[in-house]
Engineer: 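Sending over a structure as C-alpha cells; questions will come in a sec.
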2 protein chains.
Amino acid sequence: MATQTAAERREEARQRYNAYVATCPSRKLLDTLSDKWVSLALTALAGGPRRYSELARTIAGVSQKMLTQTLRTMERDGLVSRTVTPSVPVRVDYRLTPLGEDLMPLLEAIKRWAEIHMEDVEAARQAYDRRSGHRP
Amino acid sequence: MATQTAAERREEARQRYNAYVATCPSRKLLDTLSDKWVSLALTALAGGPRRYSELARTIAGVSQKMLTQTLRTMERDGLVSRTVTPSVPVRVDYRLTPLGEDLMPLLEAIKRWAEIHMEDVEAARQAYDRRSGHRP
DNA sequence: CAGCATCCTACGCGATACTG
DNA sequence: CAGTATCGCGTAGGATGCTG
C-alpha cells in the first residue's frame with residue numbers, strides 16, 4: 001500500500017490546484033487564453049465567420065485534432081458558435097459570439113503590450129544569457 | 001528510413017510553430033503569461049518584494065521546482081530582479097522590475113474581464129454539457 | 001534557507017486511419 | 001468536408017535527496 005502514497009499525494013496536489021482554479025476566474029481565463037491555439041482562432045475569426053477548412057488553412061501549423069479540440073472548447077465556453085449547413089458535402093461555419101467578440105479588445109491589449117515591450121524582454125534575455133553563459 | 005519520416009514531419013511542424021512564435025511578440029507574451037505560475041508570482045510580488053520562502057507559502061500549491069523555474073524565467077525575461085543577501089542562512093528577495101510592474105495593469109485587465117464574464121462562460125459550459133450530455 | 005540534480009510518471013498532442 | 005477513434009512519443013512537472 002506504500003505505492004498508494006505517491007498517487008495520493010498527486011491527487012492531493014492536483015486537487016489543491018483544481019480547487020484554486022475552480023474559485024479563481026482569472027486563472028480560468030488565463031488557462032483558456034493560454035491555450036496555444038485559442039488566441040489564434042479568435043484572431044482568425046475576428047474578421048468574420050470562417051469555415052473549418054478556412055481556419056485550418058489560416059492557422060497553418062495546427063493539427064486537425066487540435067483545431068477541432070480548440071473549437072469545441074471555445075464553443076463550449078460560449079466564445080464561438082458553430083453552424084452546420086447540411087449540404088453535400090457538409091459545410092460548417094464558425095463565428096464569434098458576442099462574448100467572443102467582447103474578448104477581442106483584451107486580446108488586442110495583450111498584443112499591444114507585447115509589441116511595445118517584448119523587445120525589452122528580448123534584450124533582458126540576451127543580457128541574462130550572456131551573464132550566466134560563461135560558467136556552465 | 002521510413003522511421004525518419006515521422007520524426008522529420010515532427011521537426012517540420014515544430015519548426016513551423018517555432019518560426020511563428022519567434023516572429024510573433026504576442027504569442028511569446030501569451031506563452032509567458034499562460035505559464036501556470038507566472039501570473040500568480042506576479043500578483044504575489046505586486047505588493048512589494050518577497051523572499052523565496054514567502055512566495056512559496058503565498059502561492060500555496062506550487063512545487064519548489066516550479067517556483068524556482070518560474071522565478072528564473074521571469075528573471076531572465078526582466079520581469080523580476082533577484083537579490084541575494086549573503087547572510088547565514090542566505091536570504092533571497094525577489095521584486096518586480098519596472099517592466100514587471102508595467103505588466104500588472106494588463107494582468108489586472110485580464111482579471112477584470114474574467115470577473116465580469118466568467119460566469120457567462122460557466123453558464124455556456126453548463127448549457128453545452130446539458131445539450132450534448134444525453135447522447136454519449 | 002534557497003536551490004540544483006535525478007528520476008519517473010501522466011498527459012498533451014501529432015500522426016494515422018476510418019466515418020457520414 | 002468535417003470530423004471521431006486510436007496509438008505512441010515527448011515532455012512538463014511532482015517527488016525526493018543533496019549542497020553552500
Engineer: Counting heavy atoms from C-beta on, name the nucleotide in D/dA15, C/dC13, C/dA2 closest to the side chain of B/Y52.
Structural biologist: C/dA2
Engineer: Hydrophobic cluster membership, with links at side-chain heavy-atom distances under 4.5 Å among I/L/V/M/F/W/Y: are B/W113 and A/M104 in one?
Structural biologist: yes
Engineer: Rounded off to whole Å, could you give me the CZ-to-P distance for the A/R91 and D/dA2 pair?
Structural biologist: 8 Å
Engineer: Side-chain N or O of B/R51 versus OP1/OP2 of C/dA2: is the shortest distance under 4.0 Å?
Structural biologist: yes
Engineer: Which of the following nucleotides, D/dC1, D/dG13, D/dA2, is nearest to the side chain of A/P89?
Structural biologist: D/dC1
Engineer: Could you check how far CD of A/E54 sits from P of D/dC1, rounded to whole Å?
Structural biologist: 12 Å
Engineer: Taking only the side-chain heavy atoms of B/Q64 (C-beta and beyond), determine which of C/dC4, C/dG14, D/dG14 contains the nearest atom.
Structural biologist: C/dC4
Engineer: I need the CG-P distance between A/L67 and C/dC13, as an integer number of Å.
Structural biologist: 13 Å
Engineer: Would one find a side-chain N or O of A/T68 under 4.0 angstrom from OP1 or OP2 of D/dT4?
Structural biologist: no
Engineer: What is the distance, to the nearest angstrom, from the CE atom on B/M66 to the C1' atom on C/dA2?
Structural biologist: 17 Å
Engineer: Please tell me if the side chains of A/E101 and A/P98 come closer than 4.5 Å, counting only heavy atoms from C-beta onward.
Structural biologist: no
Engineer: Quick check for you: among C/dC4, D/dG3, C/dC1, whose closest atom lies nearest to any side-chain atom of A/R72?
Structural biologist: D/dG3
Engineer: Kindly say whether A/S87 contributes a backbone atom to a donor-acceptor pair with the side chain of A/T85 at under 3.5 angstrom?
Structural biologist: no
Engineer: In whole angstrom, what separates B/R82's CZ from C/dA2's P?
Structural biologist: 10 Å
Engineer: Output the single nucleotide from D/dC1, D/dG14, C/dG3 whose closest atom is nearest the side chain of B/Y94.
Structural biologist: C/dG3
Engineer: Taking side chain as C-beta onward, heavy atoms only, is A/R95 less than 4.5 Å from A/R82?
Structural biologist: no
Engineer: Nearest-Å distance, CD (B/Q69) to C1' (D/dA15)?
Structural biologist: 15 Å
Engineer: In whole Å, I'd like the distance from the CZ atom of A/R50 to the P atom of D/dC1.
Structural biologist: 17 Å
Engineer: Identify the heavy atoms of B/I110 and A/I110 that sit nearest to each other, and give their distance.
Structural biologist: CD1-CD1, 4.2 Å
Engineer: Using a heavy-atom cut-off of 4.0 Å across all strands, would you classify B/V92 as base, sugar-phosphate, or nothing?
Structural biologist: sugar-phosphate
Engineer: Which one, C/dC1, C/dA15, C/dG3, comes nearest to the side chain of A/K65?
Structural biologist: C/dA15
Engineer: In whole angstrom, give the distance that lies between atom CD1 of A/I59 and atom P of C/dC13.
Structural biologist: 15 Å
